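Since the structure comes first, as structure tokens, the remarks are kept for the end.
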Number of protein chains: 2
Amino acid sequence: MVRIKDIAKAANVSTATVSYVINERGNISSDTRKKVLKVIKELNYQPNNVAKSLKINKTNTIGVVVEDITVFSSPEIINGINESADENGLSILLTNLRVHRRIGNNFGEFDKCRTDVKAAVEELVSRQVDGIIYVGVHNRDLTGLIELDKPVVFSYCSSRTENQFSVNYDDELAAFEATNYLIGLGHQKIALISGLIDSIPAHGRFLGYYKALVSHNLEFNPEYVKTGDWEYLSGYTMAKELLSVKNRPTAILAMNDLMAGGVFEACRESGVRVPEDLSVIGFDNRECSFYFTPRLTTVNLPLNEIGMKSMEILVGAIRKSDIPETDVKLKCNLVERESVMEYSTVR
Amino acid sequence: MVRIKDIAKAANVSTATVSYVINERGNISSDTRKKVLKVIKELNYQPNNVAKSLKINKTNTIGVVVEDITVFSSPEIINGINESADENGLSILLTNLRVHRRIGNNFGEFDKCRTDVKAAVEELVSRQVDGIIYVGVHNRDLTGLIELDKPVVFSYCSSRTENQFSVNYDDELAAFEATNYLIGLGHQKIALISGLIDSIPAHGRFLGYYKALVSHNLEFNPEYVKTGDWEYLSGYTMAKELLSVKNRPTAILAMNDLMAGGVFEACRESGVRVPEDLSVIGFDNRECSFYFTPRLTTVNLPLNEIGMKSMEILVGAIRKSDIPETDVKLKCNLVERESVMEYSTVR
DNA sequence: CTGAAAGCGCTTACAG
DNA sequence: CTGAAAGCGCTTACAG
């Protein structure tokens with residue numbers, strides 16, 4: 001390995017001079033600069049960034065701890081984080097908690113993982129990261145999970161701690177718009193298949209649905225609201241119930257694509273045509289939603305944007321260049337496909 | 001920030017002693033150990049691993065450069081890498097090339113990305129990683145892409161360079177077994193929808209298909225082999241052609257799930273029932289394959305295992321503990337669902 | 001415009 | 001069993 005010292009000797013200058021030309025700092029005469037650069041190339045010098053980091057007390061490294069990289073939302077978020085990291089010349093130290101394998105969807109058992117989080121953060125800190133992004137697998141309150149005197153941003157989850165930031169998308173607005181879309185198409189009897197109602201997203205989406213109805217003076221019918229558990233099967237079961245309600249809804253908003261898939265299966269079994277007899281909207285825009293029959297109209301999540309925004313906020317907090325927002329909500333967009341139809345043509 | 005020096009002073013010992021107790025090395029009397037440990041806890045000392053890395057010339061960090069984290073295979077592979085990294089006390093420095101966004105599936109244009117790879121590797125080297133894992137988005141020959149005097153393993157792609165390793169799955173065996181499965185169920189007229197034939201996976205899968213036929217003395221009918229481009233639409237188009245062949249096949253092996261999805265759509269349009277009239281097997285076991293109607297029988301890829309194995313090989317090469325295999329091929333497994341039926345019951 | 005020297009926070013032969 | 005000291009590869013006031 002060739003060091004700055006070797007360059008200095010070969011170029012007949014001091015190590016300080018070499019360092020200056022590498023970092024393009026100080027006043028170095030064009031002649032010595034050229035000489036040094038030449039030697040650097042000849043000896044194929046590769047700087048040692050860990051030595052530099054130790055000296056300047058800054059690693060230009062961000063710790064990213066992701067709850068589970070195999071959950072559908074994580075890769076896109078990380079992709080966004082990477083994009084912004086590249087733009088800012090930052091590297092990513094990645095820790096994957098793999099919580100899904102340990103506790104599945106039972107987030108009540110998340111306590112089991114808290115020590116893992118502590119350990120992960122400690123490891124990252126010992127490696128002197130400049131800040132941390134914590135990527136959740138769904139939005140929930142994680143206040144107190146991480147205590148650190150460096151900036152940390154919670155991506156797809158939340159924390160209210162000082163010097164900590166949260167980036168999510170706007171569930172309520174998304175559900176509001178999806179419901180409005182249905183109403184705009186003439187639907188008045190719009191059912192909702194909810195996920196587990198103790199979750200922040202389910203709550204927000206319900207509110208959006210409700211407010212859309214109210215804002216159009218449509219009656220809120222509790223019979224039209226069914227609570228599933230985010231899984232395919234519950235969508236199926238709840239759809240069966242909705243289909244047998246006396247005043248059957250003409251549209252269903254499912255709180256995720258999987259449950260919408262279950263709705264499709266129920267309809268197939270019951271001879272209900274989608275979208276001719278029933279319009280269906282999903283949520284998440286997962287890959288599978290494109291391959292459903294018919295292709296599912298659904299709400300696309302700004303995952304990449306969440307990642308980018310998270311990194312931008314973190315960079316702002318680290319460089320103290322601006323005061324970042326503490327609680328960002330990004331906008332979703334509806335992707336129109338083939339599972340929705342105007343009400344006028346129904347029946 | 002509290003340093004070893006501070007601990008030493010507070011505990012009235014030398015920094016050497018503190019270092020010894022932290023690293024559980026040398027002979028330290030139980031008394032001084034306790035004393036030091038106590039002070040460490042009191043002052044909440046956090047070791048600085050970048051200083052340590054500089055000194056011991058070893059970072060316990062692996063560079064992972066992934067061509068595109070949003071491609072379906074990447075998260076699982078990275079998950080496996082993480083799992084093994086955890087077991088070995090290693091950290092991951094992640095670089096995401098995001099090639100998909102730049103060149104899509106036109107891997108002929110991959111040359112555009114070579115400089116990115118060089119830059120990524122250089123960055124990783126400057127951060128003194130102990131080795132590198134390069135995660136491709138499909139198996140192809142990447143010999144010469146990375147020149148490095150540290151061990152590097154190619155995950156889901158290949159390199160024949162000295163001191164470099166490759167980990168993939170066994171395409172040929174997987175296709176062989178899938179075809180055998182169909183044959184065992186009584187099918188004799190088995191069609192193949194291939195991906196672009198210039199790719200290593202397509203070649204291997206074709207061979208497996210071919211060898212299975214031959215080993216059962218079944219005629220190889222070139223009319224039964226169609227070449228698609230891995231996309232949904234080509235599966236649809238090729239299936240249309242296969243369905244109109246005079247001696248229509250009773251089963252189709254599609255080289256990926258997306259094309260199998262296209263087959264389903266063609267069947268739906270043509271009134272061909274799956275699996276009653278036609279059995280279909282896919283490849284990849286992507287999430288969507290579970291949500292197809294009917295659920296697709298497909299070949300599951302040992303992605304997590306590829307990640308783990310890659311890391312294990314890298315660790316072996318770094319520690320020189322054993323001589324790792326240079327070209328590993330892991331076994332796939334068939335996941336039986338609802339798109340295949342015995343031939344006897346056909347028609 | 002350039003160099004000598006201190007120091008970032010650790011580890012580790014070596015001496016005692 | 002413990003400590004003094006050198007050194008890992010850099011950067012950066014400071015002096016000249």
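Below, read A as the first sequence line, B as the second, and so on, with proteins coming before strands; counting in each chain starts at 1. Bear in mind that the values here come from a model prediction, so they are computed numbers and not experimental data.
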Sort out the partner of D/dG16 for me: Watson-Crick or G-U wobble, both distances under 3.5 Å, none otherwise.
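Per the H-bond distance test, C/dC1.
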
Can you give me the first and the last nucleotide of DNA chain D (5' to 3') that has an atom within less than 4.0 angstrom of a non-hydrogen atom in chain B?
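On DNA chain D, the outermost contacted nucleotides are D/dC1 to D/dG9.
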
Polar side-chain atom of B/Asn168 near backbone of B/Cys157 as donor-acceptor pair, under 3.5 Å
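Here the side-chain-to-backbone pair exists.
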
Hey, which of these two, A/Val2 or A/Tyr20, hits DNA chain D nearer its 5' end, going by closest nucleotide?
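Here A/Val2 is the residue nearer the 5' end.
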
Nearest-nucleotide 5' precedence on DNA chain D, B/Leu54 against B/Thr17:
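Going by which nucleotide is closer to the 5' end, it is B/Thr17.
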
Is there a donor in the side chain of [X] and an acceptor in the side chain of [Y], or the other way round, less than 3.5 Å apart?
| X | Y | result |
| --- | --- | --- |
| A/Ser158 | A/Asn139 | yes |
| B/Ser29 | B/Asp31 | no |
| A/Arg127 | A/Thr61 | no |
| A/Asn88 | A/Arg319 | yes |

Classify the nucleic acid contact of [X] as base, sugar-phosphate or nothing, counting any heavy atom under 4.0 Å across all strands shown.
| X | answer |
| --- | --- |
| B/Ser53 | nothing |
| B/Asn49 | nothing |
| B/Lys52 | sugar-phosphate |
| B/Val50 | nothing |

Closest-nucleotide mapping onto DNA chain C: is B/Ser19 or A/Ser29 further toward the 5' terminus? I mean the 5' end.
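The residue whose closest nucleotide sits nearer the 5' end is A/Ser29.
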
Toward the 5' end of DNA chain C, which comes first, A/Asn57 or B/Ala16, by nearest nucleotide?
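Nearer the 5' end of the strand: A/Asn57.
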
Could you give me the CA-CA distance, side-chain angles and deciding distance for A/Lys35 and A/Ile28, then say whether side chain to side chain contact (heavy atoms under 4.5 Å, CB included) is met?
CA-CA 11 Å; A/Lys35 187 170 56 176; A/Ile28 304 289; over 6 Å; no

